[in-house]
Amino acid sequence: MATFFFSHTQLFSSIFILSLIHLSPSSTSPTTTRSFKTYGAAGDGVHYDTLPIQAAIDACTTASTTSGRPCHVTFPPGAYLTATLFLKSGVVLDIQQNATVLGGTRLEDYPRNADRWYVVVAEDAVEVGITGGGEIKGQGLKFVQRFDERKNVMVSWNWTGSCSGDECRPRLVGFIRSKNIRVWNISLHLVQCNNTSIHDVSIYGDFNTPNNDGIDINDSNNTVITRCNINTGDDAICPKTYDGPLYNLTATDCWIRTKSSAVKLGSASWFDFKGLVFDNITIVDSHRGLGLQICDGGNVSDITFSNINITTRYYDSSWWGRAEPIYVTTCPRDSKSKAGSISNLRFVNITATSENGVFLSGSKGGMLSNLKFTNVNITYRRWTNFADGLVDYRPGCQGLVNHSAAGFIMEHIEGLEVENVNMRWSEDRSGRWNNPLDFRPLTVNNISFYNFRSGLYNQ
């Protein structure tokens with residue numbers, strides 16, 4: 001359980017660790033404190049402490065409303081087993097060092113509506129947060145139906161009718177339609193939120209568990225993520241648009257390892273993305289580095305990736321991705337989906353070592369336009385034993401397609417500038433690296449290369 005959800009849905013398979021920092025713009029004001037220990041919490045990790053914790057939260061929000069100041073619910077050292085906790089306006093959960101909040105693993109621990117299946121959830125709340133240096137654990141391994149070194153098979157509660165598919169499980173922390181959120185050291189899901197700051201958070205999800213995103217940002221605006229460490233099986237930082245647009249997201253100073261995409265826009269992309277910045281990010285041992293999968297008709301514009309160091313490698317093909325350091329597509333999800341568009345996309349100061357090349361694929365109805373690569377250094381070499389020679393269009397278009405490796409694969413592009421790009425290739429007698437640039441002029445127009453280099457390097 002490892003997902004910060006800022007808007008819609010996600011899984012339950014990680015640990016959210018909070019750093020020792022205190023909260024919000026009003027943190028300079030005096031605060032009120034409540035300890036649920038006075039309400040009879042056991043803190044032994046065996047007996048449920050839901051009622052005393054929720055009583056303290058309810059009392060805290062009343063105190064905050066009366067005083068006009070934030071109120072902290074303090075979790076002293078101990079283990080606190082709980083069903084869903086409802087975080088309310090004006091309340092900050094202060095989970096101290098050596099304190100652990102354990103999410104329940106029973107269906108009855110969660111509300112009827114699957115959209116509210118979280119260990120901690122805030123709905124329509126303002127001035128809320130989580131901090132303290134402790135942990136929130138989803139006990140995700142208890143949701144594994146069968147362990148598999150390629151990809152675990154997970155429990156799904158889809159038989160309840162509350163949700164469908166294999167992602168039908170609880171999530172860790174969710175903020176829904178909330179404003180002025182501050183979180184330190186924890187994992188999140190934001191839904192239709194405004195003015196959110198997430199910093200100094202460590203998220204650990206089982207590396208073999210699918211649908212186990214780190215931070216999902218759904219339909220939410222004015223979000224800042226900084227100094228985060230995310231190590232999980234599925235997508236790490238994942239903006240999505242289900243019911244509305246997503247504007248003004250900044251993510252900086254993060255370290256990421258994942259079996260999926262380190263950064264991925266989509267694949268839920270029914271509405272627009274605009275004004276996103278990703279800077280000073282380190283991506284290691286991941287299946288895909290920077291990804292845009294715009295499958296549902298949304299339009300993407302004004303996105304910048306800068307000062308990013310990437311290492312991507314192959315994993316089992318049951319996971320989406322084929323070791324691409326950069327992956328951009330508007331391939332529709334299915335025959336009923338309309339094509340979206342991607343424009344004004346910038347990659348600046350990017351260094352990558354990868355087992356595969358860059359993939360830039362628009363579609364007939366959804367061109368990629370005005371793309372620019374500046375100061376990009378990519379080293380191509382193989383070090384795993386997984387099969388190569390495949391292009392991955394999933395979830396739409398052609399699925400997995402046989403295709404030889406290339407430095408850049410380009411389709412359906414109108415406007416591409418490449419400046420100061422250096423490609424280095426390992427010596428490989430198989431002929432694997434014979435094609436630096438793979439494109440058909442019929443679908444790729446108005447491209448320019450300035451100071452472009454390609455050559456072998458000695459290992």
Let me check something: any side-chain donor-acceptor pairs from residues 358-368 under 3.5 Å, sequence neighbours excluded? List them with distances.
from, atom 1, to, atom 2, distance (Å)
Ser361, OG, Glu411, OE1, 2.6
Ser363, OG, Thr330, O, 3.3
Ser363, OG, Thr330, OG1, 2.9
Ser363, OG, Gly366, N, 3.3

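Ring centroids of Tyr315 and Phe207 are separated by less than 6.0 Å, placing the two rings close together.
A side-chain donor-acceptor contact under 3.5 Å links Glu414 and Asn446. Side-chain contact of Ser318 with Asp316: a donor-acceptor pair under 3.5 Å is present, judged by distance alone. Under 3.5 Å, the side chains of Lys372 and Asn344 contain no donor-acceptor pair of N or O atoms. Looking at Asn280 and Asn307, their side chains never bring a donor and an acceptor atom within 3.5 Å of each other. Ser306 and Asp279 form a side-chain donor-acceptor contact under 3.5 Å, judged by distance and modelled atom types alone. Side chains of Asn180 and Glu127: a donor on one and an acceptor on the other come within 3.5 Å.
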With side chain to side chain donor-acceptor pair (under 3.5 Å) as the criterion, how do Thr232 and Asn212 come out once you've worked through the C-alpha distance, each side chain's angles and the decisive distance to 0.1 Å?
CA-CA 7 Å; Thr232 191; Asn212 188 21; 3.2 Å; yes
Trace of the side chain to side chain contact (heavy atoms under 4.5 Å, CB included) decision for Leu141 with Asp206
CA-CA 8 Å; Leu141 293 182; Asp206 182 75; 3.7 Å; yes
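Remark: side-chain polar atoms of Ser220 are paired, donor with acceptor, to backbone N or O of Cys193 under 3.5 angstrom. In terms of modelled atom types and a separation under 3.5 Å, the side chain of Thr82 and the main chain of Gly103 share no donor-acceptor contact.
Applying the salt bridge (Lys or Arg N to Asp or Glu O under 4.0 Å) rule to Arg313 yields no partners; only residues at least two apart in sequence or on another chain are considered. In this view, Lys151 satisfies the salt bridge (Lys or Arg N to Asp or Glu O under 4.0 Å) rule with no residue, not counting sequence neighbours. Residues meeting the salt bridge (Lys or Arg N to Asp or Glu O under 4.0 Å) test with Asp285, sequence neighbours left out: none. Applying the salt bridge (Lys or Arg N to Asp or Glu O under 4.0 Å) criterion to Asp272, with sequence neighbours excluded, gives no partner residue.
Heavy-atom minimum distance, Ala268 versus Tyr242: CB-CZ, 3.5 Å. Of all the heavy atoms in Thr50 and Thr84, the pair that sits closest is CG2-O, 4.0 Å. In terms of heavy atoms, Leu276 sits closest to Pro239 at CD2-CG, 4.2 Å. Among all heavy-atom pairs drawn from Ile57 and Val91, the shortest one is O-CG2, 3.9 Å. Of all heavy-atom pairs spanning Phe86 and Pro111, the tightest one is CZ-CG, 3.9 Å.
Between Phe305 and Phe278, the ring-plane angle classifies as parallel under the 30° and 60° cut-offs. Between Phe373 and Phe408, the ring planes lie perpendicular to each other; the angle is over 60°, past the 30° to 60° tilted range. Note on ring orientation: taking the six-membered ring where Trp is involved, the planes of Trp117 and Trp157 are perpendicular (angle over 60°, cut-offs 30° and 60°).
Sequence neighbours left out, the pairs with a member in residues 292-303 that pass salt bridge (Lys or Arg N to Asp or Glu O under 4.0 Å) are Lys274-Asp302, Asp296-Arg333.
Salt bridge absent: Arg227 and Asp253 never bring a charged side-chain N and a carboxylate O closer than 4.0 Å.
Partner of Ile198 under the side-chain contact (heavy atoms from CB on, under 4.5 Å) criterion, chosen from Ile225, Ile217, Ile181: Ile225. Put simply, the residue from His287, Arg288, Lys264 that forms a side-chain hydrogen bond (donor to acceptor under 3.5 Å, both in side chains) with Asp235 is Lys264.
Phe143 does not carry Arg169 over the face of its six-membered ring by the limits of under 6.0 Å from the centre and within 45° of the normal.
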